[in-house]
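One structure below.
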There are 2 protein chains.
Amino acid sequence: MTVTLADVAARARVSPATVSRVLNGNYPVAAATRERVLRAVDELDYVLNGPASSLAAATSDLVGILVNDIADPFFGIMAGAAQTEIGGQEGTGRAGGEKLAVVCNTGGSPERELTYLTLLQRQRAAAVILTGGALEDPAHIAAMTAKLAKLADAGTRVVLCGRPPLQGSDAIVAALAFDNRGGGRRLTDHLLTLGHRRIGYVAGPVERTTTRDRLEGHRAALRDAGLDGASEELTVHGSYSRRSGYEATLELLRRAPDLTAVVAANDTVALGACAAVRDQGLRIPADISVAGFDDLPFSVDATPALTTVRLPLFEAGARAGRLAMGTESPPPGGIATIPAELMARASTAPPRTG
Amino acid sequence: MTVTLADVAARARVSPATVSRVLNGNYPVAAATRERVLRAVDELDYVLNGPASSLAAATSDLVGILVNDIADPFFGIMAGAAQTEIGGQEGTGRAGGEKLAVVCNTGGSPERELTYLTLLQRQRAAAVILTGGALEDPAHIAAMTAKLAKLADAGTRVVLCGRPPLQGSDAIVAALAFDNRGGGRRLTDHLLTLGHRRIGYVAGPVERTTTRDRLEGHRAALRDAGLDGASEELTVHGSYSRRSGYEATLELLRRAPDLTAVVAANDTVALGACAAVRDQGLRIPADISVAGFDDLPFSVDATPALTTVRLPLFEAGARAGRLAMGTESPPPGGIATIPAELMARASTAPPRTG
DNA sequence: CTGTTAGCGCCTTCAT
DNA sequence: ATGAAGGCGCTAACAG
């Protein structure tokens with residue numbers, strides 16, 4: 001039926017242990033023997049039994065990458081980059097000693113996030129990468145901290161990518177945090193410099209680290225310009241979706257018809273904001289400036305090209321992948337802040353005068 | 001150290017076998033006993049050892065979803081929908097009996113596709129879903145057919161989503177194929193009806209089923225209109241990327257300055273085409289009509305809104321997920337063709353006269 | 001460098 | 001409805 005290691009051993013006239021050794025390559029084996037074993041493997045078309053191997057070795061070659069929304073390129077880019085670093089050695093066809101990088105879609109649900117972590121713990125995953133903003137609910141943070149500690153105890157390497165480190169948790173190999181606050185600040189500074197004074201803000205879902213950090217940056221910029229008075233009124237929360245951006249912008253325009261600029265939580269939301277502005281018969285940027293965040297590939301193609309904040313998603317994902325593999329050493333203190341760069345484009349301009 | 005089933009059994013004062021039975025739920029257990037066991041599980045914070053379980057049961061709860069490009073929403077939407085159906089029962093926290101739906105990014109590389117399949121075979125995956133267009137290279141087809149047969153032999157359910165069935169392979173549970181040909185045809189018919197006669201085509205990568213089918217539909221429409229003469233010259237192949245669409249369109253415009261419309265392989269490519277058209281100082285659709293394919297969420301937000309062909313990606317992905325789980329019965333013959341619907345929007349209009 | 005010997009933790013007949 | 005026992009296929013000491 002299904003061919004086992006013992007079959008290969010018999011065919012190659014060696015012991016099972018030897019076959020195991022050449023397959024795992026972590027042990028000296030005579031070249032001639034190795035050759036014989038590999039031939040037997042090919043002839044028999046042998047495929048290692050992963051569960052058996054993992055059971056015996058008490059570790060598996062699974063690496064989990066958790067994302068909030070797999071249909072959002074923000075996550076796709078990071079996850080793809082990480083996978084490239086992890087499973088990237090261009091299969092020999094025999095698939096020896098390779099890690100299986102898999103992405104798990106939580107849909108932003110905290111329960112599903114924990115469930116996936118449990119499932120990966122069950123599989124004795126070699127590593128786990130958590131991407132994107134985290135929920136700030138205390139109960140969930142506590143549950144996550146406990147779960148990650150357990151994973152780390154069991155030997156799973158935990159890496160955070162685009163998410164701030166957990167307080168006082170030593171379970172984590174490394175955390176790569178985006179400078180969302182700084183980026184948000186620079187974006188609003190840009191608008192202020194252009195002369196805007198009435199700036200609407202379409203924020204992301206409440207209780208998310210990304211939402212809070214970007215909003216904080218925005219408010220810090222306003223405060224320093226002596227404009228924080230109206231910022232509550234000019235902020236609307238929504239989800240990270242185009243539709244949400246559309247509706248929030250309509251609401252903003254209703255609340256404050258004198259608005260001259262709208263800052264969106266991310267590029268997708270900004271697209272919705274643009275549509276709303278246009279549907280109100282207003283021009284971008286002549287009547288209203290619009291800005292996004294992330295600099296996803298489509299942003300430069302929007303008309304007008306979207307002013308936004310560039311996050312090096314691919315680079316960060318790749319680095320997270322290497323960190324998870326142990327290929328790269330963690331930054332000092334296990335924490336690195338990834339810079340965010342302002343991309344001033346055509347969707348922002350000085351406000352109309354008068 | 002790590003708590004095992006035996007520990008739970010001891011705590012609950014039952015045999016390991018009983019614990020196994022309540023955890024798997026496939027066997028009658030007295031309510032009182034079950035209660036006691038579950039309490040012990042919670043108290044000990046027990047997590048099943050997946051590898052051990054899979055080894056003993058000769059099957060795992062892993063379900064693999066292969067995608068060509070995880071950063072492309074085309075795949076993200078299908079994969080997300082499939083995952084929802086598979087891992088969707090909103091975790092009880094204890095994560096009992098749940099499948100682990102994971103997505104694997106092949107990056108469009110045939111080697112990596114096979115490698116992932118081997119890795120999943122090694123894990124004794126419960127099911128595998130292959131999404132998106134397939135490579136038409138005979139050697140790769142043969143290798144895939146063989147590999148899928150082996151997976152099926154080992155009890156893995158194989159489902160195709162957005163990909164035509166393999167010739168004479170009975171390894172597959174079901175194949176959901178998009179009507180790319182029909183969609184391509186209707187799109188070009190739409191342009192012909194508007195009055196276009198010189199239509200450029202930015203095709204996808206050669207040797208991909210999606211590329212060929214869409215192109216065939218396009219050419220069939222031209223042929224029926226008696227216009228197939230120039231179609232070779234007016235076709236440029238590229239990858240499924242914005243950049244590729246941009247460059248191919250420039251090339252097309254160079255070759256045939258009298259073009260009045262450009263059809264792109266998909267929406268992402270169409271965005272690049274729009275940018276190229278604009279950079280040449282031409283207006284859409286006044287000077288040149290542009291159309292895409294897939295109807296990804298951003299298409300409606302393009303300016304002008306993109307005429308395209310709608311594929312029910314979410315519905316198809318969800319159905320594939322149910323098929324993989326055995327929750328839904330396969331279509332007659334194991335094959336279903338998913339219809340593609342023309343979405344005529346503002347990026348196409350009659351050609352300028354004279 | 002290679003063979004032998006024990007398990008890894010769970011599921012699954014087979015009894016009871 | 002529950003317990004006892006064997007083995008799933010592989011790896012990891014330990015010898016040699």
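Every value quoted in this text rests on a predicted model; they were computed, and no experiment measured them. Quick note on labels: first sequence line is chain A, next is B, and so on, each numbered from 1.
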request  = Indicate whether OP1 or OP2 belonging to C/dG3 is found under 4.0 Å from a side-chain N or O atom of A/Thr18.
outcome  = yes
Summary of protein contacts for nucleotides 8-16 of chain C, nucleotide by nucleotide, where a base hit scores B, a sugar-phosphate-only hit scores S (4.0 Å, heavy atoms) = BBBSB----
query = Any salt bridge (Lys or Arg N to Asp or Glu O under 4.0 Å) pairs touching residues 158-172 of chain B, not counting sequence neighbours?
reply = B/Glu113-B/Arg163
task = May I have the distance from B/Gln123 (atom CD) to D/dG9 (atom C1'), rounded to whole angstrom?
result = 14 Å
ask   = With sequence neighbours excluded, what pairs up with A/Arg11 under the salt bridge (Lys or Arg N to Asp or Glu O under 4.0 Å) test?
value = A/Glu43
message = Applying side-chain hydrogen bond (donor to acceptor under 3.5 Å, both in side chains), can you list everything that pairs with B/Glu136, at least two apart in sequence or on another chain?
response = B/Arg212
message = Any side-chain N or O of A/Thr33 below 4.0 angstrom from OP1/OP2 of C/dC1?
response = no
Counterpart residues, side-chain hydrogen bond (donor to acceptor under 3.5 Å, both in side chains), relative to A/Thr18 (two or more places apart) = A/Ser15
ask   = Quick one: side chain to side chain contact (heavy atoms under 4.5 Å, CB included) partners of B/Ala56, sequence neighbours excluded?
value = none
